[in-house]
Amino acid sequence: MLLRPLLLFAVCLCLAPTETQADLSFIFGNISLFNLNFKTPKLLGRSITVNSNVKIDSDVDPNIQEDSHLSTYNLIKKYGYPAENHSVTTDDGYILTLHRIARHGATPVLLVHGLLDSSATWVMMGPNKGLGYLLYEQGYDVWMANVRGNTYSRKHVKYTHSQAKYWDFTFHEMGVYDIPKTIDYILDTTSFKQLHYIGHSQGTVVFWIMGSERPEYMDKILFMQALAPVAYLKHCKSPVVNFLAEFHTSVSFVLRLIGVHEFLPKNEFIVMFNQLICDETTITKEICSNVIFLTTGFDKLQLNETMLPVVVGHAPAGASTKQMQHFGQVRRSGEFRQFDYGWLRNHWRYNNITPPAYKLENVKAKVALYYSQNDWLAQPADVQSLRRRLPNVVHHYLVDYPEFNHLDFIWGVDARELLWDSMLKQMRAHEIDNNIDTTN
């Protein structure tokens, strides 16, 4: 079981530029990720003092340790909230799990997580720091989606997740199948005609795709709020995404060659690595936090490092390698379009040698865009390109905190003061202004 991830790890080390300055170091471009002889590393020009007397033995707060292992459902129950599990089967056979903080009779809100994430992201920081809990306290019926391939949605009516066919999807299928079926289920269950939608990162991508390919669903959205909205990646600063864009063909070939169809699977190697690197009592939590920042942008003040064991207990939550390749294609092409199979297969699938662009003009629902200067994935210039293409942007807001990064939208220590309170005001305003009765 360990052979494939070890091979993948070795391949990644070979593909990325490295430099040996100590017993063992790993450098991505000009960014030193870690240096395992614990000499002082440089991280984006920032020097970090390291104590050489490192204690690896874990002494994590038992409460945090417990939360790192609890499912979303059990996390909600632990903190005294009404938790429910629901199951949805898509038209193409994927069985998805929905988690609910149930307030029966209240307006439903659907929360859709980002890439490599799950429903846990909305609650794992705890009752005072989770957007899911806040929305419930504000009187909403909170539903949290899990898209195909993540921790809670790994079943199919025909395939198992160990079969390559199971992983033959990107975020395109999530927007066409997963989100529409999830919305139908919620509205059928609650007897409401519309719901609020809040998406983070990939959770916004799948909404744009649903609007493009299934525009009739726009009538079922009361108000859509996009956190760190992604569609265009032309100005993306994330070395990870840029690496995928630059080497997507060779990486895809190698992964297929060794039979890796799931990206960063949650197996013995990943669990061991997470426990070693993200233990809150060891100096290596610096490695953990900086690997996270490498993808999203650096902002140490908004990351509660005490909660890192919980974060890595729930993430990465699963994605297909094809899905990652699709993000690389979006970055490389500068266009928001369907998966590129190569000119021959494109002609067979799309009747054109290039994949079709998504029809953002079909996204007719009311949309609010929330973005930040220090988000390496959803750069302001790309968000503005998206804004110009969407026909019904009723609000857009640049977070008034220069260091706010991609993950601060959901995990930031001060996210409520900087963002969430403003979002709640927008929700209330659009409920009052909306002329459509949201209940039967």
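All of these numbers come straight from a predicted model, not from anything done at the bench. Count residues from 1 along the sequence.
Rounding to the nearest 0.5 Å places CE of M124 at 14.5 Å from NZ of K129. How far CZ of R428 is from CD of E431: 5.5 Å, rounded to the nearest 0.5 Å. D408 CG to Y401 OH: the interatomic distance, rounded to the nearest 0.5 Å, is 7.5 Å. In this structure, the separation between CG on N146 and OG on S118 is 5.5 Å, given to the nearest 0.5 Å.
Ring pair Y136/Y81: centre-to-centre distance below 6.0 Å. Less than 6.0 angstrom separates the ring centroid of H99 from the ring centroid of Y152. Side-chain rings of F169 and Y177 stay apart, their centers remaining 6.0 Å or farther from each other. For an aromatic pair to be called close, the ring centres must be under 6.0 Å apart, and H196 with Y140 satisfies this.
Under the 4.0 Å criterion applied to side-chain N and carboxylate O atoms, D375 and K237 are not assigned as salt-bridge partners. One finds no salt bridge joining D340 and R332 here, because no Lys/Arg side-chain nitrogen approaches an Asp/Glu carboxylate oxygen to under 4.0 Å.
Shortest non-hydrogen contact noted between P108 and I186 is CB-CG2, 3.9 Å. What you find for V363 and S212 is that their closest heavy atoms are CG2-N, 4.3 Å. For P180 against G175, the heavy-atom pair with the smallest separation is CD-O, 3.3 Å. When every heavy atom of H172 is checked against every heavy atom of I209, the shortest pair comes out as O-CG2, 3.7 Å. The shortest non-hydrogen separation linking L115 to A319 is CD1-CB, 4.1 Å. Residues A106 and G139 approach most closely at CB-O, 3.1 Å, considering heavy atoms.
Side-chain contact between H406 and H200 is present, with heavy atoms from C-beta onward closer than 4.5 Å. For the pair V413 and L303, the minimum side-chain heavy-atom distance is 4.5 Å or more. Counting heavy atoms from C-beta outward, W411 and N304 have side chains that stay 4.5 Å or more apart. The shortest side-chain heavy-atom distance between M144 and V123 falls under the 4.5 Å cut-off. Looking only at side-chain heavy atoms (C-beta outward), H156 and D92 stay at 4.5 Å or farther from each other. Two residues are said to be in side-chain contact when any heavy atoms from C-beta on lie closer than 4.5 Å; L195 and F223 fail this criterion. Side-chain contact between W208 and M224 is present, with at least one heavy-atom pair separated by less than 4.5 Å. When side chains are defined from C-beta on, R154 does not count as touching R148, because their heavy atoms never get closer than 4.5 Å.
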Check: Going through the distances and angles, do W143 and H86 end up as a ring-ring contact (aromatic ring centres under 6.0 Å, His included)?
Finding: CA-CA 10 Å; W143 296 77; H86 294 260; 4.8 Å; yes
Next item on the list: Using the ring-ring contact (aromatic ring centres under 6.0 Å, His included) rule, take F404 and F409 through it: C-alpha gap first, then chi angles, then the decisive distance, then the call.
Entry: CA-CA 8 Å; F404 210 73; F409 286 89; 5.0 Å; yes
Item checked: Criterion side chain to side chain donor-acceptor pair (under 3.5 Å) on N374 and S372, from CA distance to verdict -> CA-CA 6 Å; N374 191 41; S372 64; over 6 Å; no
Margin query: Under the criterion side chain to side chain contact (heavy atoms under 4.5 Å, CB included), I'd like the reasoning laid out for T90 against I95: C-alpha separation, chi angles, the key distance, then a yes or no.
Written below: CA-CA 7 Å; T90 66; I95 301 170; over 6 Å; no
Next item on the list: May I have the step-by-step check of side chain to side chain contact (heavy atoms under 4.5 Å, CB included) for L308 and V310, ending in yes or no?
Entry: CA-CA 5 Å; L308 280 174; V310 179; over 6 Å; no
Margin query: Quick one, N150 with H113, criterion side chain to side chain donor-acceptor pair (under 3.5 Å). Give me CA distance, side-chain angles, the key distance, then yes/no.
Written below: CA-CA 10 Å; N150 89 353; H113 62 80; 3.3 Å; yes
Notebook entry, point to check: Going through the checks in order, is the side chain to side chain donor-acceptor pair (under 3.5 Å) test met by D67 and Y79?
Noted result: CA-CA 10 Å; D67 286 4; Y79 290 103; 2.6 Å; yes
Notebook entry, point to check: Going through the checks in order, is the side chain to side chain contact (heavy atoms under 4.5 Å, CB included) test met by V142 and R100?
Noted result: CA-CA 6 Å; V142 181; R100 183 187 190 186; over 6 Å; no
Check: Hey, mind stepping through K364 and D219 against salt bridge (charged side-chain N to carboxylate O under 4.0 Å, His left out) and telling me if it holds?
Finding: CA-CA 8 Å; K364 301 282 179 69; D219 293 333; over 6 Å; no
Next item on the list: Could you give me the CA-CA distance, side-chain angles and deciding distance for Q302 and D414, then say whether side chain to side chain contact (heavy atoms under 4.5 Å, CB included) is met?
Entry: CA-CA 7 Å; Q302 287 299 313; D414 300 312; 2.8 Å; yes
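Just one residue in the list D117, L131, L111 forms a side chain to side chain contact (heavy atoms under 4.5 Å, CB included) with I410, and that residue is D117.
Geometrically, R337 does not engage Y358 in a cation-pi contact defined by less than 6.0 Å to the ring centre and at most 45° from the axis. In this structure, K155 is not positioned above the aromatic face of Y94 in the sense of NZ or CZ being under 6.0 Å from the six-membered ring centre and within 45° of the axis.
Looking at N346, its side chain does come within 3.5 Å of a backbone N or O of Y341 through a donor-acceptor pair. Listed for the N362 side chain is no donor-acceptor partner under 3.5 Å among the backbone atoms of P215.
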Indicate every side-chain donor-acceptor pair of residues 225-235 with a distance under 3.5 Å to a residue at least two apart or in another chain.
unit_1 : atom_1 : unit_2 : atom_2 : d
Q225   : OE1    : Y370   : OH     : 2.5
Y232   : OH     : R389   : NH1    : 2.6
H235   : ND1    : D382   : OD1    : 2.9

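One side chain, Q323 or Q202, offers a donor N or O that lies under 3.5 Å from an acceptor on the other. The closest side-chain donor-acceptor pair between Y371 and Q384 falls under 3.5 angstrom. Neither side chain, Q338 nor H326, offers a donor N or O lying under 3.5 Å from an acceptor on the other. Side-chain contact, T72 with W122: no donor N or O sits under 3.5 Å from an acceptor N or O.
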